[in-house]
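Below: one structure, written as C-alpha cells.
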Amino acid sequence: MISLDLSNAKLKEDLSLWQEKVSKAHKDLHDKTGKGNDFVGWVKWPLEYDKEEFARILDVRKRMAGKYDTVLVCGIGGSYLGARAAIEMIRGLYPDDGIEVIFVGNTFSYSYISQVLNHIKNKEIVLNVISKSGTTTETSVSFRIFKHFMEEKYGEDAKNRIYATTDKARGTLKELADKEGYETFVIPDDIGGRYSVFTAVGLLPLALANVDIEALMKGSLDAYNDFNTDDLSKNTAYQYAVARRILDNQGYTAEYFVTYHLQLTMIAEWWKQLFGESEGKEEKGILPTSACFTTDLHSLGQFIQEGRKTEFETILYVDDMGGDIDFPADDQDLDHMNYLAGKKLSWVSEMAFEGTLSAHSDVGNNPNIVIRLKDNSAYSFGYMIYFFFAACGMTCYLLDINPFNQPGVEVYKKKMFNLLGKPE
C-alpha cells in the first residue's frame, strides 16, 4: 500500500546501524514504557477502538441523512486538521454529493466568521464541536457564535443538530453538552489531538461528509499489522523515521513535505502539526514545512534548487487520484502544445514528478525521500495516517524526547489570556 524509496536520500549512514535503538523504542511504544506513555493509546487503537461508539457514529449519519447539506466542524489543531485532510483527499475539493463541509473554530478572524455566517444562512446545518476541555479559546468563541445561530434558526431542534466530541466525563464542553442535551462522543484520554483523526474526533465529521469510515479503519488496522514489528529491514515507517534522524545528523534542519495535488494540501498541514508539535522541543527537531508541486516550483523552486542546502524533501506521491483527463489535440496548434495530444494528464504529472526529483536530487544535490501511496481512497488514508503515526513516534523516541506533549503551545495561551483579561 505504501512504498518508501530512499535511493535519493543521500544517507551517509546505513539504516541497519540503528536497529538496536529502534528495537528499544518499538518496545517502549508498544509496552507503554517510554516518555509520554500516557498518550500512546493510538498504537493499538485500530485493534481496540470503541466498536459501540463507532456504530453510534454510523447511526448519526443514517438518522441525519437528507436533513442537512452543510456540516460545520468547530475545532482547532488536531480537532480539525485530520478530518479536513481526509475529507479533501478522499472527496476532492469540489465533491458532487451535495454535502459541504466548513471548518470553523480554528481562527479569531472575524472576517472569516462573518463570511461563514452569511454563507450558511439559507443552508441546512449540522454542527460538530470538538474540544477535550471546552476551554480552547478559538473554538469556544466560534462555538458560542454558531450555537446562537443554530438556536435562532432551529429553536428547540438545534440540540438535535449539534454534536459534541469531548472528554467522556468532565470539562466545560461536556457539562454544557449534558445540560443542553447534545449527543456526545469521546476523545480518548490516552490519545492526543494530533493522533486522534481515527477516533470520533475525525470519524464523526468524516461520516457526516459521506466518507467510508469502515474502510478507513480497515486501512489503519492493516497498517498496524504491517508496522507492528521492530525489524527495521521490514518496517518502512521506521525506515522513514531513521532516515530523518540520519539527515538531521548530517545538518539538514528543515523538511519539505511535498505533494503534487491541490487536494492534498491539507495532508501537508496535518503532517506539519504531527511532526512540528511532536518533535519541536528541547531545542531539537527538524523544521516541518511543505510545498505543493508543480505550483510551488514557481515560487520555491529556485531556492530549493540553488539556495542553502539546509533542507531535504519528503515527497508523498499518490499514484491514482481519480478523474484523469486526456489532453486534446488542436488543428491549428497555435499554442504549440500538440506534442502532448492524446496523453493522460496523470502521465504529465508523473513526468513532472520524475523531472523535478532528478533536478533537485541529481543536479541540486538535495536529499529526497519518496513515499508512494496507491490511491486517495478512505482505506489508503487510514493506512497512511498510521504509517506517519508510527514514524513520528519512533523518530521522536530516537531523539529522546516526549512526542506526545506540547508545552510550548501553552506559552502563547497564557500571554493571550492576560491581554484578554480572562479571569483566573
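- Looking only at distances, a side-chain donor or acceptor of S196 sits under 3.5 Å from a matching main-chain atom of G193.
- When all heavy atoms of Q305 and G364 are compared, the pair lying nearest together is NE2-N, 3.2 Å.
- In this structure, E313 has no salt bridge (Lys or Arg N to Asp or Glu O under 4.0 Å) partners at least two apart in sequence or on a different chain.
- Taking each heavy atom of Y397 and I401 in turn, the nearest pair found is CD1-O, 3.8 Å.
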Review item, side-chain donor-acceptor pairs of residues 39-49, under 3.5 Å, at least two apart:
residue : atom : partner : partner atom : Å
W45     : NE1  : F198    : O            : 2.9

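- A tilted orientation is assigned to the rings of F275 and W271, their planes being inclined by 30° to 60°.
- With ring centers used as reference points, F387 lies under 6.0 Å from F227.
- Q273 places no side-chain N or O within 3.5 Å of a backbone atom of L81 that could act as its donor or acceptor partner.
- No donor-acceptor pair under 3.5 Å is formed between the side chain of S220 and the backbone N or O of G382.
- For K281 (side chain) and E277 (main-chain N/O), a donor-acceptor pair under 3.5 Å exists by modelled atom type.
- Residues meeting the side chain to side chain donor-acceptor pair (under 3.5 Å) test with T172, sequence neighbours left out: none.
- A salt bridge does not link E269 with R84: none of the charged nitrogens is closer than 4.0 Å to a carboxylate oxygen.
- Looking at residues two or more places apart in sequence or on another chain, you find a salt bridge (Lys or Arg N to Asp or Glu O under 4.0 Å) between K284 and E282.
- Counted within 6.0 Å of NZ on K234, heavy atoms from surrounding residues, nucleotides or ligands total 12 or fewer; the atom is thus considered open.
- Expressed to the nearest 0.5 Å, how far CD1 of I187 lies from OG1 of T166 amounts to 5.5 Å.
- We find the CG-CD distance between L399 and E279 to be 5.5 Å, quoted to the nearest 0.5 Å.
- In this structure, the side chains of E88 and L93 come closer than 4.5 Å at one or more pairs of heavy atoms.
- Formation of a donor-acceptor pair under 3.5 Å by the S114 side chain with backbone atoms of Y110 is found in this model.
- Checked against ring-ring contact (aromatic ring centres under 6.0 Å, His included), H360 has the following partners two or more places apart in sequence or in another chain: F293.
- Closest of all the heavy-atom pairs between I90 and A378 is CD1-CA, 3.7 Å.
- Scanning both residues, Y68 and I125, for their nearest heavy atoms gives CB-C, 4.3 Å.
- Within 6.0 Å of NZ in K272 there are more than 12 heavy atoms belonging to other residues, nucleotides or ligands.
- Take K174 and apply the salt bridge (Lys or Arg N to Asp or Glu O under 4.0 Å) test, not counting sequence neighbours, and it matches D178.
- In this structure, a donor-acceptor pair under 3.5 Å is absent between the side chains of S142 and E138.
- Judged purely by atom type and a 3.5 angstrom limit, Y240 has no side-chain atom pairing as donor or acceptor with the backbone of T314.
- At least one side-chain heavy atom of L316 sits under 4.5 Å from a side-chain heavy atom of M384.
- Residues that satisfy the salt bridge (Lys or Arg N to Asp or Glu O under 4.0 Å) test with D59, not counting sequence neighbours, are R63.
- Judged as a side chain to side chain donor-acceptor pair (under 3.5 Å), and not counting sequence neighbours, K32 has no contacts.
- L6 is listed as a side-chain neighbour of L15, based on a closest heavy-atom distance under 4.5 Å.
- A salt bridge links K35 with D400: the closest approach of a Lys/Arg side-chain nitrogen to an acidic carboxylate oxygen falls below 4.0 angstrom.
- A heavy-atom distance below 4.5 Å is found between the side chains of V60 and F185.
- Between Y195 and F389, the ring-plane angle classifies as tilted under the 30° and 60° cut-offs.
- Using a 4.5 Å cut-off on side-chain heavy atoms (C-beta onward), V129 and F146 make no contact.
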Steps toward side-chain contact (heavy atoms from CB on, under 4.5 Å) verdict (Y163, M64): CA-CA 12 Å; Y163 301 90; M64 294 302 296; 3.4 Å; yes
Full working for side-chain contact (heavy atoms from CB on, under 4.5 Å) between E311 and T289: CA-CA 10 Å; E311 78 282 340; T289 186; over 6 Å; no
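- Under the 3.5 Å distance criterion, the side-chain polar atoms of E306 are left unmatched by any main-chain donor or acceptor of Q302.
- A donor-acceptor contact closer than 3.5 angstrom is absent between the side chains of T139 and Y80.
- Taking a 6.0 Å sphere around CD of E13, one finds it holds more than 12 heavy atoms contributed by other residues, nucleotides or ligands.
- Without hydrogens or angle criteria, Q239 side chain to L232 main chain gives a donor-acceptor distance under 3.5 Å.
- Applying the side chain to side chain donor-acceptor pair (under 3.5 Å) rule to T165 yields the partners N128; only residues at least two apart in sequence or on another chain are considered.
- In this structure a side-chain-to-backbone donor-acceptor pair under 3.5 Å is present from N235 to T229.
- No side-chain heavy atom of M266 sits less than 4.5 Å from a side-chain heavy atom of M89.
- At least one donor-acceptor pair under 3.5 Å links the side chain of T356 to the backbone N or O of A352.
- Partners of K344 by side chain to side chain donor-acceptor pair (under 3.5 Å), not counting sequence neighbours, listed by chain and number: D326.
- Counted within 6.0 Å of CG on D97, heavy atoms from surrounding residues, nucleotides or ligands total more than 12; the atom is thus considered enclosed.
- Heavy atoms of other residues, nucleotides or ligands lying less than 6.0 angstrom from NZ of K62 number 12 at most.
- Between Y256 and L300 the shortest side-chain heavy-atom distance falls below 4.5 Å.
- Within the structure, the salt bridge (Lys or Arg N to Asp or Glu O under 4.0 Å) test picks out the following pairs touching residues 359-382 (sequence neighbours left out): D319-R372, E350-R372.
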Worked check of side-chain hydrogen bond (donor to acceptor under 3.5 Å, both in side chains) between S358 and E354: CA-CA 6 Å; S358 178; E354 292 184 10; over 6 Å; no
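- Looking at I57 and R61, their side chains never come closer than 4.5 Å, going by heavy atoms from C-beta outward.
- Annotation: salt bridge (Lys or Arg N to Asp or Glu O under 4.0 Å) contacts involving residues 210-230, sequence neighbours excluded, comprise K218-D222.
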